[in-house]
Colleague: 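Below: one structure in structure tokens.
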There are 2 protein chains.
Amino acid sequence: MDGQGFDTPSDFDALKRLVVERRDTLPKRIAQAAAYMLDHPDEVAFGTAASLSASAGVQPSTLIRLAQLFGFDGFTSLQALFRHRMRGRNGSYEERLSGLRGEGGERAGNAAVLQGFLAASGKSLDSLEQSLDPAQIDRAVEMLARAETIYLLARRRSYPVANYLAYALSKLQVRNQIVDSSAGLSAETISFATPRDALLAVSFSPYTPQTIEEARLAAANGTPVVAITDSAFSPLAQVADVWFEVAEADFGGFRSLAATMALALTLAVGLAEARRRRPSLSGKE
Amino acid sequence: MDGQGFDTPSDFDALKRLVVERRDTLPKRIAQAAAYMLDHPDEVAFGTAASLSASAGVQPSTLIRLAQLFGFDGFTSLQALFRHRMRGRNGSYEERLSGLRGEGGERAGNAAVLQGFLAASGKSLDSLEQSLDPAQIDRAVEMLARAETIYLLARRRSYPVANYLAYALSKLQVRNQIVDSSAGLSAETISFATPRDALLAVSFSPYTPQTIEEARLAAANGTPVVAITDSAFSPLAQVADVWFEVAEADFGGFRSLAATMALALTLAVGLAEARRRRPSLSGKE
DNA sequence: CTTGAAATGAAACGGACGTTTCGTCTATTT
DNA sequence: AAATAGACGAAACGTCCGTTTCATTTCAAG
């Protein structure tokens, strides 16, 4: 028993919890150092006590004291936590994907195919995370939140996105209308959209002509258009008021929908939340 | 000009390529050290020249020579490549997700919502990658490859999966039939399935009763059933010949479909490939 | 077999590292 | 206001690091 009243953390999360919990009882400089370490875990993993203490604006000895205060032998044992955190973490999806493509060429097992799709999906997620501008989401959410009815337009490979969106929006009690071509009436359906509504269109290269055409129609009617597509040169981007560029990686000829789905759900949840906070936004009621 | 005939690598991939390319012209010990480093990149990132040289079975000076041979100043610059590889790589999706849930509680920006969905999707992918048994995929692929027609059964939140599968299978020229309830004829549709066909059913808790019922119907008819669901106790798992457990993380009440989509596409591409290799499998033609 | 250059092993070296020590400062208690 | 214990900064210390040096071995060419 060391009479500290707590166990010395055995992983990064435990350390984080302990620091947050005792933040107020920590000496000033120790707290300052701890805050820096939690905010820059990567630096801690690779840096030296000297370099880190300089960055954090404290003395090297403070880091030692911090470590010992939390029950570690010294800075080195504390740093081991930060290193352990990075370890085991698999290589980036980018690497894994190129690795898969290289080897074997043809006859790869089914497990490799799964690896490929998982890697492609992960890469798409990473790419979206890095490229997206938060302000753009805000604008799109704002636009959609004002709509009476949200029209959903997507065909072929993108159709599942519209489908999931319809499900999500209905769950969130947001009036929506999927523009479906199964009855051959999609042009008529889209013609019902007014400037008080909004259109959310999804299309990737090669763009389905019908989707482009109908999005153009809606835009000409004055209906706000939010587009999810794959390039600034996409014809969909030209007619949209706000558009998102999502680079979905593909594998075996089929594109992942992971990032697109995540973005679509974000818009759905975001607009529902916006309406909840400002009920005046909602077209009806 | 240093007359080396190549540029010193600026990232891990470039180094890897260079080593592979010149493997045969490398001195024995240097090659030995290089092989170790490429095989244990994490060790290199964190270790010291002394510890690594011991693990690789060479002298510390060999590592320096290796580094200088490839145009680096010394071991430290070479190591920087390995560290850079780990850097920037974000924390695990697990961490990111719990981090998002913790802070703010309510009023998180739209960007945070996207982060949440991306993290949930990524976590689902990671989880599937770790948990899945390759042999199970092979069995499912084999079963599906033998089918004349593949019936696709999914409702509500899972429906987009069936939808994308229908698209993918058709593209791959695999006969398929989505069991659609929009015309109120789903029970009739599924009754067309014979033991020479196969059913691919997708359902997550709370299971849509109709999906379970119809899957049971098909199984009773002797149609092979492959299921994608979320638990060993799922009613869908009970009636399936092969079933997959996919743990999709959710965020804001909506589950990611990323892992499910990846698995579904794997089955589609896998079965198409199996038929291509053994045309006798294909029911028709 | 001789020769010479490249490769390798072993040890030495300076510098930076983590840690310890110690004197000063701060803030609370009496 | 004095006493005192903890917090803190600065410098000193010993260790281990990356690197260099140099002697030895290996191997191919003549």
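Letters A, B, ... mirror the listed sequences (proteins, then strands); counts begin at 1.
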Colleague: Rounding to a whole Å, what distance do you find between B:L66:CG and D:dG18:C1'?
Modeller: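 B:L66 atom CG is separated from D:dG18 atom C1' by 14 Å.
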Colleague: Provide, to the nearest angstrom, the distance between the CD atom belonging to B:Q79 and the C1' atom belonging to D:dT19.
Modeller: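 In whole Å, D:dT19 C1' lies 14 Å from B:Q79 CD.
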Colleague: Looking at B:D250 and B:K123, is there a salt bridge between them, counting it only when a charged N and a carboxylate O are closer than 4.0 Å?
Modeller: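 No, this pair does not count.
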Colleague: How many whole angstroms separate atom CZ of A:F72 from atom P of C:dT19?
Modeller: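 In whole Å, C:dT19 P and A:F72 CZ are 12 Å from each other.
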Colleague: Whether the A:S131 and A:E245 side chains hold a donor-acceptor pair (N or O, under 3.5 Å, no angle test) is what I'd like checked.
Modeller: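 Checked: A:S131/A:E245 side chains show no N/O donor-acceptor pair below 3.5 Å.
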Colleague: To the nearest Å, how far apart are A:I64 CD1 and D:dG9 C1'?
Modeller: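 Nearest whole value for this atom pair: 14 Å.
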Colleague: Any salt bridge linking B:D42 with B:R85? Criterion: basic side-chain nitrogen under 4.0 Å from a carboxylate oxygen.
Modeller: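 Looking at B:D42 and B:R85, the cut-off is met.
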Colleague: To the nearest Å, how far apart are A:F75 CZ and C:dA16 C1'?
Modeller: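 Rounding to the nearest Å, CZ of A:F75 and C1' of C:dA16 are 14 Å apart.
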Colleague: What contact category does A:I30 fall into here, base, sugar-phosphate, or nothing, at under 4.0 angstrom with non-hydrogen atoms?
Modeller: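 Contact class for A:I30: sugar-phosphate only.
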Colleague: Would you say B:S61 reaches D:dT21's phosphate, i.e. side-chain N/O to OP1/OP2 under 4.0 Å?
Modeller: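 It does not, given that no N or O in the side chain of B:S61 lies less than 4.0 Å from OP1 or OP2 of D:dT21.
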Colleague: Name the residue closer to the 5' end of DNA chain D, choosing between A:P60 and B:S77 according to the nucleotide with the nearest heavy atom.
Modeller: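 The residue closer to the strand's 5' end, by nearest nucleotide, is A:P60.
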Colleague: Is the closest side-chain donor-acceptor distance between B:R29 and B:Q32 under 3.5 Å?
Modeller: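 B:Q32 and B:R29 do have a side-chain donor-acceptor pair below 3.5 Å.
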Colleague: Picking from D:dT19, C:dT19, D:dC8, which would you name as closest to the side chain of A:P27?
Modeller: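 Of all the options, the side chain of A:P27 is nearest to D:dC8.
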Colleague: Is the phosphate of D:dT19, meaning OP1 or OP2, less than 4.0 Å from a side-chain N or O of B:Q68?
Modeller: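 Checking D:dT19 against B:Q68, no side-chain N or O comes under 4.0 Å of OP1 or OP2.
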Colleague: So, does B:S234 use its side chain to make a donor-acceptor pair with the main chain of B:D230 at under 3.5 Å?
Modeller: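 A pair under 3.5 Å: no.
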Colleague: Using whole Å, what does the distance between atom P of nucleotide C:dA6 and atom NZ of B:K28 come to?
Modeller: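 Taking NZ of B:K28 and P of C:dA6, I get 18 Å after rounding.
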Colleague: Does any N or O donor sit under 3.5 Å from an N or O acceptor when you compare the side chain of B:R65 with the base of C:dG9?
Modeller: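 Checked by distance alone, the answer is yes.
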Colleague: What integer distance in Å separates B:F46:CZ from C:dC17:P?
Modeller: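 Nearest whole value for this atom pair: 18 Å.
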Colleague: Rounded to the nearest Å, what distance is computed from the CZ atom of residue A:R29 to the C1' atom of nucleotide C:dT26?
Modeller: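 A:R29 atom CZ is separated from C:dT26 atom C1' by 12 Å.
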Colleague: Ignoring backbone atoms, test whether B:Q59 places a side-chain nitrogen or oxygen under 4.0 Å from the OP1 or OP2 oxygen of C:dT8.
Modeller: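 False: B:Q59 side-chain N/O out of range (4.0 Å or more) of C:dT8 OP1/OP2.
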Colleague: Does A:T62 put a side-chain nitrogen or oxygen below 4.0 Å from OP1 or OP2 of D:dG9?
Modeller: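 The answer is yes; a side-chain N or O of A:T62 sits under 4.0 Å from OP1 or OP2.
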